[in-house]
Protein chains: 2
Amino acid sequence: MPRAQHSPAAVDATRQRLAALALDIYRVEGLDAISFRRLAEAAGISHTLPYRYFDSKEALLVALRVQCMEHFEQFVRAREPSQAAPMPRIESLAAAYVEYVRAHPADYQLIFSTHQPAINQYPDLLAARRSLFEHAVSVVQHAIDAGVLHGDARVLTHLFWISLHGLMTLHAAGQLVHGLTLEALIAPLVTRMVQTTTSAPTPGPAASKPAPASADVIVLAPRRRKPTA
Amino acid sequence: MPRAQHSPAAVDATRQRLAALALDIYRVEGLDAISFRRLAEAAGISHTLPYRYFDSKEALLVALRVQCMEHFEQFVRAREPSQAAPMPRIESLAAAYVEYVRAHPADYQLIFSTHQPAINQYPDLLAARRSLFEHAVSVVQHAIDAGVLHGDARVLTHLFWISLHGLMTLHAAGQLVHGLTLEALIAPLVTRMVQTTTSAPTPGPAASKPAPASADVIVLAPRRRKPTA
DNA sequence: CTGTAAATTTTACGGTGTTAATTTACGTTC
DNA sequence: GAACGTAAATTAACACCGTAAAATTTACAG
C-alpha cells in the first residue's frame, strides 16, 4: 500500500545532479557561495531536501571533492601517451598535471583545500585519491622496471607529486612571490626532479630507510655523517 | 569639547589583543569557530565592536595570517646558526621550516589556506611574506656567492620552498597517502633538493630562460632537444 | 476511493556577518 | 558643577546560514 521508494539508482542520479549544480555555483561564485539553501533554490526544491542526498554540508563538500578528483584523473589519463619511453611518460604525466591545474585552478584548490576533514575519514575520498595516486605509481614503476629510475615507486611518486603539488597549489592560490611565474618555475623544477632520480641510484641510508627520527629534534638526515657500515 | 579619541597606539594594541584572542580560538576549535560574536564574547565586548578594529571578518583572518607569518619568521630566524658553512645553513633553514610546521600545523595551514583572498590584495600580507622569503633568499645567495650553488637566488629559493611547502602542506592537512610519512619523505626530498643544485650548474636553456610556453599546450621544457648552440 | 508510508515542504531555532539607530562616557566650555 | 558635543560602545535589525522536527503533500497498493 505504501508509496514506492525511489530506486537507489535514481537517488544516486539526483545526488550527482545536485553535486554538479553545487560545483557550478562553486566555480562561478566561490566556496562561500555554496549553501544548501542556494543549491536547493538552483535545483528548484525546498531548502531542506538536499538532506535526502547529503548527510551534511560537509558531506556535500566531500562529494564535490570526489567529483573533481574523478574528473582530474580522467583528464590526466586521457592525455597519457599510449606508447612512449618511460621518462617521457613521466614527463607527460607531469605536464598533464600542470595543464589540469592551469585549466581548473578552482577545482584543484577544492581537491586540496585546507581546513577540510581529513581524507581518511571518507572512504570515497580515500578511494579517489588512491586511484589517482596508484596510476602515477604505475607510470613510475614502469620506469623503475626499465632500469631508468631507482628506488621505491611509491616514495618516488610521492616525491614527484610533492614538488608538483607545492608549485601548483601556490600557483592556483595566487601565492607565488612577485616576479616568479609558473612558467618560469615549472621547467627547472621538473628538470631537477627527473635529473636527480635518474642520475643518483638513491644513496642507501637516506632513501630506502630514512634516519630513525623518533625524537622530534633532528628532522633532516645529517648528510655529512658517513655510513657506519 | 568632544570626547577624546583613543590614541592610534591604544587602538593598535587592542587590535593585537583581539587578533591574539582569535588565534587562540582558532587553534583550539578550528577555523569555523572564528566569529566576531564569539571573539567579542571572549573579549568581553559587544558583538559589533570588533568592527572598530577590523573592517570585516576577512580582514580579521588576514590579520591572523600576518600574525602567524611573523611568528613563523621569528621562529625560523631564532634557529639559524650564526656561523656555518653555506649548505649546512640552508639545511638548517629547511629543518627549521619543517620543525615549525610540525609544532604548529594549524598555524601553517592558516598561513597558506586556500580560498583566501589573494595575497597581493593585502599589503600587510605581502610584506610579511616578502620578509620571510627574502630572508631565505639571502641564505641561498650566500651559498651562491660561495660558489657552492649556481643560478638565480630567487628562483632557487622558490624551488626549494615549493618542494618543502608541497610536503608540509600535505602533512599538515593529513593528506599524505597512506603508508608514507613525513619522516620517510623529508630526508630524500631535501637530499635531492641539495644534490641537484650543487652538482648541476643549471643547464642553460631550462633554468635561466625557460621555454617560451606562450601557447598552453607545451608546458615542460623538451628535455631531449639538444641546445642549438 | 482510501489508507499508508515515502517524499517533500513548512516551520522553527540558534548562529552568523553586517548596517543602522541608539545609548553611554568623557573632555570642553559656560 | 552643569550642559554640550562628539567619540565610543551597545542595542536593534536584517538577511543569510545549517540543521532538526513537525506538518503536509504525493503516489501507489488494495
Side-chain angles (χ1 to χ4, degrees), chain A residues 1-19 21-26 28-65 110 113 115-117 121-122, chain B residues 1-19 21-26 28-65 110 113 115-117 121-122:
Chain A
M1 336 142 125
R3 175 176 179 175
Q5 269 184 264
H6 288 180
S7 78
V11 170
D12 280 5
T14 304
R15 198 195 330 271
Q16 277 285 105
R17 172 174 146 261
L18 285 180
L21 213 51
L23 190 55
D24 286 344
I25 295 174
Y26 164 72
V28 173
E29 303 184 40
L31 192 62
D32 292 344
I34 298 182
S35 77
F36 272 23
R37 297 174 122 99
R38 185 113 170 48
L39 173 61
E41 186 192 18
I45 57 180
S46 72
H47 70 278
T48 55
L49 193 52
Y51 273 94
R52 292 268 149 207
Y53 305 98
F54 304 98
D55 287 345
S56 63
K57 183 177 182 181
E58 185 175 287
L60 170 63
L61 292 179
V62 167
L64 293 193
R65 285 175 78 186
L110 185 61
S113 59
H115 306 297
Q116 202 78 25
Q121 302 180 11
Y122 286 85
Chain B
M1 346 148 115
R3 178 175 178 174
Q5 268 183 261
H6 289 182
S7 76
V11 170
D12 280 3
T14 303
R15 199 195 329 270
Q16 279 284 106
R17 172 174 145 264
L18 285 180
L21 212 52
L23 190 54
D24 287 343
I25 294 174
Y26 165 71
V28 174
E29 305 184 39
L31 192 62
D32 292 344
I34 299 182
S35 77
F36 272 22
R37 298 174 121 98
R38 183 114 171 48
L39 174 60
E41 185 192 19
I45 58 180
S46 70
H47 71 277
T48 54
L49 193 51
Y51 275 94
R52 291 266 152 211
Y53 305 98
F54 305 99
D55 287 344
S56 64
K57 183 176 181 181
E58 183 174 288
L60 169 63
L61 292 179
V62 167
L64 293 193
R65 285 175 77 187
L110 184 60
S113 58
H115 305 297
Q116 202 79 25
Q121 303 180 9
Y122 286 85

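All chains are named by letter (A, B, ...) in the order of the sequence lines, taking the proteins before the strands, and each is independently numbered beginning at 1. What's counted below: heavy atoms across the whole structure, side chains too, no hydrogens, waters or symmetry copies.
Shown here is B/Gln16, whose CD atom has no more than 12 heavy atoms of other residues, nucleotides or ligands within 6.0 Å.
If you check D/dG18, C/dT10, C/dA20 against the side chain of A/Thr48, the one that comes closest is C/dT10. You'll find that the side chain of B/His6 is closest to D/dA8, out of C/dA7, D/dG18, D/dA8. Closest to the A/Phe36 side chain, of the nucleotides D/dG18, C/dT8, D/dA8, is D/dG18.
Remark: the B/Arg37 side chain and the C/dG17 base include a donor-acceptor N/O pair separated by less than 3.5 Å. One cannot find a donor-acceptor pair under 3.5 Å joining the base of C/dT18 and the side-chain atoms of B/Ser56.
If you take CG of A/Leu39 and P of D/dC17, they are 11 Å apart, rounded to a whole angstrom. Distance CG (A/Leu61) to P (D/dC17): 14 Å, rounded to an integer number of Å. Whole-Å rounding puts the B/Arg52 CZ to D/dA7 P distance at 10 Å. The distance from atom NZ of B/Lys57 to atom P of D/dC16 is 18 Å, rounded to the nearest whole Å. Straight-line distance from the OH atom of B/Tyr51 to the P atom of C/dT22: 20 Å, rounded to whole Å. When rounded to the nearest whole Å, the span between CD1 of A/Ile34 and P of C/dT16 equals 21 Å. With rounding to whole Å, A/Leu49 atom CG is found 15 Å from D/dT19 atom P. The interatomic distance linking A/Asp32 (CG) with C/dT16 (C1') rounds to 12 Å, in whole Å.
OP1 or OP2 of C/dT8 has not a single side-chain nitrogen or oxygen of A/Ser46 nearer than 4.0 Å. Using a 4.0 Å cut-off, some side-chain N or O of A/Tyr53 falls inside it from OP1 or OP2 of C/dT8.
Between the side chains of B/Gln116 and B/Tyr122, no donor-acceptor pair is found at a separation under 3.5 Å.
A/Arg52 contributes no side-chain N or O that, together with a main-chain N or O of A/Val11, makes up a donor-acceptor pair within less than 3.5 Å. Proximity of a side-chain donor or acceptor of B/Arg37 to a complementary backbone N or O of B/His47 within less than 3.5 Å is not detected.
Base engagement by A/His47 is indicated by at least one non-hydrogen atom pair under 4.0 Å involving a base atom.
In this structure the side chain of B/Leu39 never reaches within 4.5 angstrom of the side chain of B/Ile34, judged on heavy atoms.
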